[in-house]
There are 2 protein chains.
Amino acid sequence: MDRRQRKTRKAIFDAFTDLLKKKSYARITVQDIIDGADVGRTTFYAHFETKDDLLTSLCADIFEHVFSEDLGKEKTHDFSVEHDTGAMITHILYHLQEHMEYLPGILSGQSGEIFMTSFKEHLKDLFSHSCRSPGVPVPQDYMMNHMVCDFAETVRWWSQNPGYTPEEISSFFLRTTPLFESP
Amino acid sequence: MDRRQRKTRKAIFDAFTDLLKKKSYARITVQDIIDGADVGRTTFYAHFETKDDLLTSLCADIFEHVFSEDLGKEKTHDFSVEHDTGAMITHILYHLQEHMEYLPGILSGQSGEIFMTSFKEHLKDLFSHSCRSPGVPVPQDYMMNHMVCDFAETVRWWSQNPGYTPEEISSFFLRTTPLFESP
DNA sequence: TATGATACCAAACACGATGTTCGGTTTGAT
DNA sequence: ATCAAACCGAACATCGTGTTTGGTATCATA
């Protein structure tokens, strides 16, 4: 990877996220992006196969950040408590908060699905050991889907109702989805 | 409204739902629809402003059926118990079942949002008197959104995991979302 | 049976967005 | 100085949308 390549790639990402703060994904054209990034059309398609590919890459970047592996040893946030599920939730919300400006632009239509599909995959991994069997005949897969969707929809709600702290949102989630085991 | 008009409209709806059983909404073109309905392009646009308009109309038809007002006095289904929330849920699921074949084709991408937005509006009306305050500081709006999304996602899950009865699905939902008041 | 309104049809069109191809230019390492 | 890479913009083919045009079928009424 060249230095120029990285620079161009960053310019495209920046223009893209900038646009997402104003318009929804569906209303953004490739022309908008290359105008904003001041980049040739050919160059854009040299970096990304399609507009969806760009979005997928952006989501990958976001999730790499949000689900970074320093969950327990985190110092920047105000929990030095044990690494329990609640703290994990709060941690993720803190990281997500940094992307809140342009999240509403993604979380609708086809783009919302691209984001959510990947998001839910990550959440499944995360929840796989926190999901307790309800002791009643409910399929495990339903259970997992239920928790994952609850959290994803909580994030969507947050993006439409900003002004709450990650701790508050975490509290809302845990109180309405009391499905976790304490470790 | 002419008799011819109704016939044409029905032909378009039928072709549309037929296509939805095979392809997702996003992959269906207007050309596909008018070919399937054996109808001229001009005629299609005389009936519906856009493809989205057709979908919106279809959703309206579905919900008119699903949320029909005979909730309490229903005899065809096997609950003659009191008109409580559980029975209401089961009733809705019974009606939704009749549209299950083509629901997966709708419940993704932009079309999923069109469906879900309208669906959630109906559910809000329905749940507005069944939603109990959790006795803890969780915003009422969050609460309502939580319940509505839970049910909507349950339906989505059902559409991807067919083979369960409405009673089973209702039970899954009520056990994982214990937020209702008994009347 | 003649007439006129209304629905219908096919074909062609303008438009907007996508993704590709072309020849030429800049950058930066050797 | 050279050479490969990344870049540029302009033109292009393609596809789907929604509109326009001019003509045909249906059906009620006179």
Side-chain angles (χ1 to χ4, degrees), chain A residues 1-59 61 105-106 108-115, chain B residues 1-59 61 105-106 108-115:
Chain A
M1 286 261 182
D2 205 75
R3 213 160 76 242
R4 271 186 295 171
Q5 273 185 57
R6 293 188 186 280
K7 192 177 164 185
T8 303
R9 190 184 163 91
K10 185 178 182 324
I12 293 174
F13 270 121
D14 286 349
F16 185 40
T17 50
D18 266 11
L19 285 162
L20 280 170
K21 293 174 190 171
K22 301 167 212 150
K23 303 183 192 182
S24 71
Y25 176 79
R27 303 176 60 84
I28 295 172
T29 74
V30 173
Q31 196 61 47
D32 292 334
I33 299 168
I34 65 186
D35 285 350
D38 201 41
V39 146
R41 188 170 198 76
T42 324
T43 306
F44 176 88
Y45 283 105
H47 281 263
F48 305 98
E49 284 188 13
T50 68
K51 203 178 68 163
D52 279 2
D53 184 34
L54 169 62
L55 176 61
T56 305
S57 300
L58 177 65
C59 289
D61 275 21
I106 296 178
S108 67
Q110 179 60 37
S111 51
E113 203 173 11
I114 291 174
F115 179 93
Chain B
M1 285 263 181
D2 205 77
R3 213 160 77 242
R4 273 185 294 170
Q5 272 185 59
R6 293 187 186 283
K7 192 177 166 186
T8 303
R9 190 184 162 90
K10 184 176 182 327
I12 293 175
F13 270 120
D14 286 349
F16 186 40
T17 49
D18 266 11
L19 284 162
L20 280 170
K21 293 174 190 169
K22 300 168 211 148
K23 303 184 193 184
S24 71
Y25 176 78
R27 304 175 60 84
I28 296 173
T29 74
V30 173
Q31 196 61 48
D32 292 334
I33 299 167
I34 66 186
D35 285 351
D38 201 41
V39 144
R41 188 171 198 74
T42 324
T43 306
F44 176 88
Y45 282 106
H47 281 264
F48 304 99
E49 285 189 14
T50 67
K51 202 179 67 164
D52 280 2
D53 185 34
L54 168 61
L55 176 61
T56 304
S57 300
L58 177 65
C59 289
D61 276 20
I106 297 179
S108 67
Q110 178 61 35
S111 52
E113 203 173 10
I114 290 174
F115 180 92

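Within every chain, numbering begins at 1; the chains are lettered A, B, ... in the order of the sequence lines, protein sequences first and strands thereafter.
- Atom CG in A:Asp61 sits 6.0 Å away from atom CZ in A:Arg9 (nearest 0.5 Å).
- The side-chain contact (heavy atoms from CB on, under 4.5 Å) search around A:Arg27 returns A:Lys23, A:Ser24, not counting sequence neighbours.
- Closest non-hydrogen pair, A:Gln110 versus B:Gly109, comes out as OE1-CA, 3.3 Å.
- Here C:dT18 presents its P atom at 9 Å from CZ of A:Phe44, a figure rounded to the nearest Å.
- Distance check, rounded to the nearest 0.5 Å: CD1 of B:Ile106 to CD of B:Glu113 gives 14.0 Å.
- Heavy atoms only, all atoms of each residue included: A:Ala37 and A:Ala15 are closest at N-CB, 3.5 Å.
- Residue contacts shown for B:Asp38 are limited to sugar-phosphate atoms, with no base heavy atom under 4.0 Å away.
- When the shell of 6.0 Å around NZ of B:Lys21 is examined, it contains more than 12 heavy atoms from other residues, nucleotides or ligands.
- In this structure, CD1 in A:Ile28 is found 10.0 Å from CG in A:Asp18, a value given to the nearest 0.5 Å.
- Take the nearest nucleotide of DNA chain D for B:Gln31 and for A:His47: the residue whose nucleotide is more 5' is A:His47.
- Interface limits on DNA chain D: the 5'-most and 3'-most nucleotides within less than 4.0 Å of chain A heavy atoms are D:dA5 to D:dA10.
- Here A:Phe44 contributes atom CZ and A:Gln31 contributes atom CD; the two are 11.0 Å apart, rounded to the nearest 0.5 Å.
- In this structure, A:Phe16 CZ and A:Leu54 CG are separated by 4.5 Å, a value rounded to the nearest 0.5 Å.
- For the helix from C:dT1-D:dA30 to C:dT30-D:dA1, the axis fitted to the five pairs at one end and the axis fitted to the five pairs at the other end meet at an angle of 0° (nearest 10 degrees).
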Sort me out a list of protein N/O and nucleotides 20-30 of chain C N/O pairs below 3.5 Å, or just none if empty.
from   : atom 1 : to      : atom 2 : distance (Å)
C:dT21 : O4     : A:Thr42 : OG1    : 3.3

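- A pairwise comparison of heavy atoms in A:Ser111 and A:Gly105 identifies OG-O, 4.2 Å as the closest pair.
- For residues 46-57 of chain B, every residue pair satisfying the side-chain hydrogen bond (donor to acceptor under 3.5 Å, both in side chains) rule, not counting sequence neighbours, is listed here: B:Tyr25-B:Asp52.
- If you take CD1 on A:Ile12 and CG on A:Asp38, they are separated by 11.0 Å, rounding to the nearest 0.5 Å.
- Near DNA chain C, meaning a heavy atom under 4.0 Å away, there are no residues from residues 11-28 of chain B.
- Looking at A:Leu55 and A:Phe115, their side chains never come closer than 4.5 Å, going by heavy atoms from C-beta outward.
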